Amino acid sequence: MSSHESTYVPSHPVAKWIEDRLPVMGFAKSTLIDYPTPKNLNYWWTFGGILAFMLGVQIVTGIVLAMHYTPNAALAFDSVEAIKRDVNGGRLIQAVHSTGASMFFFAVYIHIFRGLYFGSYKAPREILWILGVIIYLLMMATAFMGYVLPWGQMSFWAAAVITNIFAAIPVIGDPILQLLRGGFAVDNPTLNRFFSLHYLLPFIIAAVVVLHIWALHVPGNNNPIGVEVKDKRDTVPFHPFYTMKDLFAIVVFCIPFAWFAFFAPDIFGHADNYIMANPLVTPPHIVPEWYFLPFYAILRAIDFNFIIDSKLLGVIFFGGSILILFFVPWLDTSKVRSGTFRPAFKWFYWLFVVNFLLLMWYGAQEPALQVIGPFTVADVSKLSVVYYFAYFIVILPLLGRFEKPRPLPNSISESVLSKPAPATT
Amino acid sequence: MATESNLAHDDTPDTGKRDFLYIATAAVGAVGVAGVAWPIINQMNPDASVLALASVEYDMSKIETGSAVTIKWRGTPVFVRNRTQKEIDEARAVPMDQLKDPERDQDRVKPGHDNWLVMIALCTHLGCIPVGESGDYGGWLCPCHGSQYDTSGRIRKGPAPKNLVVPPYKFLTDTKIQIG
Ligand code: HEM
Ligand code: FES
C-alpha cells in the first residue's frame with residue numbers, strides 16, 4: 001500500500017522484535033488507522049464496511065450451521081428443520097444466516113449503484129471495480145448453492161433450472177451439465193458438491209476482498225464530487241473518523257436485520273421450500289430469491305428464436321447482463337466521475353435504477369399477467385431488457401461525447417467549505 | 001534469460017538449446033499438471049453405477065384414455081399419456097409452418113399406437129416439469145417460465161426452443177413398453 005508510509009513505532013522491546021521480523025502491526029496501522037481518507041465521504045460510502053461485516057456474519061453463522069447440517073438428500077431437509085426447532089439457539093442462528101444473505105445482497109446492490117452514480121469505476125480504479133464484479137459473481141454462486149442446501153422444493157428446482165443453463169452451450173453443454181450434477185438429474189451427488197463449494201466460496205470471497213481493498217488503497221477512495229485528493233487538507237485519517245462512521249452505519253443496518261431475524265425469518269422465503277424436494281413435481285410458481293429477480297426477468301424475456309434458439313439466446317442475455325459490468329470503465333467515456341456534475345447522466349441513471357426495480361418486479365410475476373392494456377409481463381419486460389443494455393452500450397458511450405458537465409470544484413476542501421454553514425441556534 | 005550478455009548472442013546455438021530445454025521442461029510440467037487436474041475434475045462425473053443405462057418396463061393397461069402418468073427413468077421423469085382422438089386430431093391438424101420446432105405428430109409416436117405419447121417430462125428450456133392439460137394449446141404448460149406445448153408435446157410458445165423429447169422406447173406388448 002504504497003501511498004502511505006507506516007508511522008508505527010513499537011514502544012515495547014517485544015513488539016519491536018516482532019516488527020523487525022514481520023512488520024504486521026505497522027501494516028495494520030497504516031491501512032486501518034492512518035489511511036488518509038477524503039473528508040467528504042457520505043453514508044453511501046459506509047456500505048463497504050457493512051459488506052465486510054456481513055461476510056463475517058455469514059461465515060460465523062455458516063460454520064456453526066455446518067456443525068448440525070447433514071448434506072444428504074434423504075436427511076438434509078430434516079436436519080435444517082432440526083436446526084430450527086431443536087438445536088440450542090438454532091432457530092436464530094439459521095434465521096441470521098438466511099436473512100443475512102438478503103441483507104448482504106441489499107448492501108451489495110447499494111454499493112454497486114453507488115459506484116455507478118459516482119463513477120467510482122473510472123481510471124485509475126478499473127481493477128478495483130473488476131474485483132468487485134468478481135466478488136459479486138462469487139456471492140451469487142455462494143447464495144445459489146446455499147439455497148439448495150435445505151433441499152426443499154424451491155431448492156431442488158432452483159438447482160435443476162440453474163444447472164440447466166449450462167446445457168444451452170452448444171456441443172459441450174450436456175457433458176458439462178452431467179459434470180455439474182454428477183448424474184442425469186439433480187440428486188444426492190449434486191447436494192454433496194454444493195455443500196462442499198458453499199463452504200469453500202466465502203473464503204475465496206474473503207481473499208478477493210483483500211485484493212479489492214489493496215486495489216482501493218493504491219489510488220485511495222473516490223468521493224462524492226469525484227475530484228481526486230490534492231493535498232493533506234482534503235483527507236482525514238481513517239481512524240477514528242471512518243471507523244466510527246462505519247460502525248454507526250453497521251449498527252443502523254443491524255436494526256432491520258435484527259427485525260427480520262427475530263420477527264420475520266421467513267419473509268424472504270417461499271412456502272414451497274417447506275415441502276421436501278420432489279423430483280417428480282415442479283411447484284406451480286417458481287421464483288428465485290428476490291436478489292436474482294432482475295436477471296431472472298431478463299432470462300425469461302427472451303422467448304423468441306433469433307438466429308440462434310431462444311434458450312441459448314436467453315442465457316447469453318442473462319450472462320451478458322452481469323458480465324457487461326466488467327466493461328463499464330471503458331464504456332463510460334465521460335471524463336467527469338461524479339454524477340452530481342453530469343446533468344443529462346442523472347436522468348438516464350435514475351431511469352436505469354427504476355428500470356432495474358421494474359425488472360425485479362417483472363421477475364416475480366407470471367409472464368402472462370397483463371400490465372398495460374393487452375400487454376403482458378412477457379411483452380413489457382422486453383422493453384426493460386432493451387433499456388438495461390442500451391444504458392451500457394449506447395447511452396454511457398454517447399453521453400461522454402455530447403453532455404456538457406457542470407464546472408467542477410477545484411478541490412475537496414473547496415467544495416466542503418463552500419457549502420453554507422448549518423444554522424447554529 | 002534476457003540479460004544483456006545473452007541478448008547480444010541471441011542466435012548462438014547455446015541459447016537455442018537452453019530455450020528448447022526451458023520450453024520442454026515447462027511443457028512436461030504442464031502435461032503433469034493437466035494429468036493431475038483431470039481426475040480431480042472427472043470425479044464429479046456420474047460413476048458407472050449411475051451411467052449403467054437402466055431401462056424400465058411399464059404396464060400401461062391402467063392408463064385410461066385422456067389421462068397420463070409420470071414414471072421415473074434414469075432419475076428423470078417421463079410422461080406416458082393415453083391421448084383422446086380429439087387430441088390426436090388437433091395435433092395432426094397443425095400446419096408445419098406454425099411450429100417453432102417443426103415435427104409431424106406421426107413421427108413422435110409409434111405406428112399403430114398413435115394414442116400413446118411417451119416423452120421425457122422436462123421442459124426443453126431449463127428442465128422444469130410442465131403441467132398437463134393446460135396452456136393455450138391443450139397440452140402442457142411449464143410453470144417456470146411459461147413455455148406452452150401442444151397435444152403432441154411440441155413447443156408452441158415461450159422460451160423453450162425444442163419439442164419435449166421422445167426417449168428411446170419400444171412396445172413389448174400392446175400395453176407394455178420398455179424405455180431405454
Ligand atoms: C458469502 C457468504 C454466504 C452466503 C451469501 C450464504 C447464503 C446462504 C443461503 C441463502 C442459504 C439458504 C438458507 C435457507 O434458505 O434456509 C444458506 C444455507 C447454509 N449455509 Fe450459507 N452462505 C454464506 C456463507 C456460508 C459459510 C461460510 C458457511 C460455512 C460452512 C455456510 C453454511 C451453510 C449451511 C450449513 C447452510 C444450510 C442450513 C440452512 O439452510 O440454513 N454458509 N447459505
Ligand atoms: S423451464 Fe420451462 S419454461 Fe423455462
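Letters A, B, ... are given to chains in the order of the sequence lines, protein chains preceding strands, and every chain is numbered from 1. What you are looking at is a predicted structure, and each value in this text was computed from that prediction instead of being measured.
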Could you check which of [options] has the highest count of heavy-atom pairs closer than 4.5 Å to chain A?
options: B:Gly158, B:Gly146, B:Ala160; answer: B:Gly158
options: B:Gly75, B:Pro77, B:Ala121; answer: B:Pro77
options: B:His125, B:Lys162, B:Gln43; answer: B:His125
options: B:Pro130, B:Ser147, B:Pro143; answer: B:Pro143

At a 4.5 Å cut-off on heavy atoms, which part of [X] comes close to chain A: side chain, backbone, both, or neither?
X: B:Leu141; result: neither
X: B:Lys157; result: neither
X: B:Thr124; result: backbone

message: Would B:Gln85 and B:Asp89 count as a side chain to side chain donor-acceptor pair (under 3.5 Å) here? Give the steps.
response: CA-CA 6 Å; B:Gln85 193 55 43; B:Asp89 295 342; 3.1 Å; yes
Relative to chain B, which segment of [X] carries a heavy atom at a distance below 4.5 Å: side chain, backbone, both, or neither?
X: A:Val186; answer: neither
X: A:Pro279; answer: both
X: A:Ile302; answer: backbone

message: Ring centroids only, cut at 6.0 angstrom: are A:Phe144 and A:Phe292 within range, meaning strictly under it?
response: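 No: the rings miss the under 6.0 Å criterion.
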message: Under 6.0 Å between ring centres: does that hold for A:Tyr296 and A:Tyr362?
response: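 Centroid separation for A:Tyr296 and A:Tyr362: 6.0 Å or greater.
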field: Shortest non-hydrogen contact between B:Ile155 and B:Pro161, atoms and distance
entry: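 B:Ile155 and B:Pro161 have their closest heavy atoms at CG2-O, 3.8 Å.
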- request: Give the minimum heavy-atom separation between A:Ala301 and A:Ser381, together with the two atoms involved.
  value: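 Closest heavy-atom pair between A:Ala301 and A:Ser381: CB-OG, 3.6 Å.
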- prompt: Quick one: of A:Leu180, A:Leu312, A:Val161, A:Ile286, who has the most non-hydrogen atom pairs under 4.5 Å with chain B?
  reply: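 Maximum pair count with chain B is reached by A:Val161.
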task: Specify which of A:Arg193, A:Arg181, A:His285 makes the most heavy-atom pairs with chain B at under 4.5 Å.
output: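 If we count pairs closer than 4.5 Å to chain B, A:Arg193 comes out on top.
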query: Around atom CZ of A:Phe375, are there more than 12 heavy atoms of other residues, nucleotides or ligands at under 6.0 Å?
result: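 Result for CZ/A:Phe375: open.
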query: Could B:Arg92 and B:Asp105 be called an ion pair, given the rule that one side-chain N must be under 4.0 Å from one carboxylate O?
result: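 Yes, charged N to carboxylate O under 4.0 Å.
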- prompt: Do A:Tyr136 and A:Tyr109 have side-chain atoms, one donor and one acceptor, less than 3.5 Å apart?
  reply: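 There is such a pair (donor and acceptor under 3.5 Å, judged by atom type) between the side chains of A:Tyr136 and A:Tyr109.
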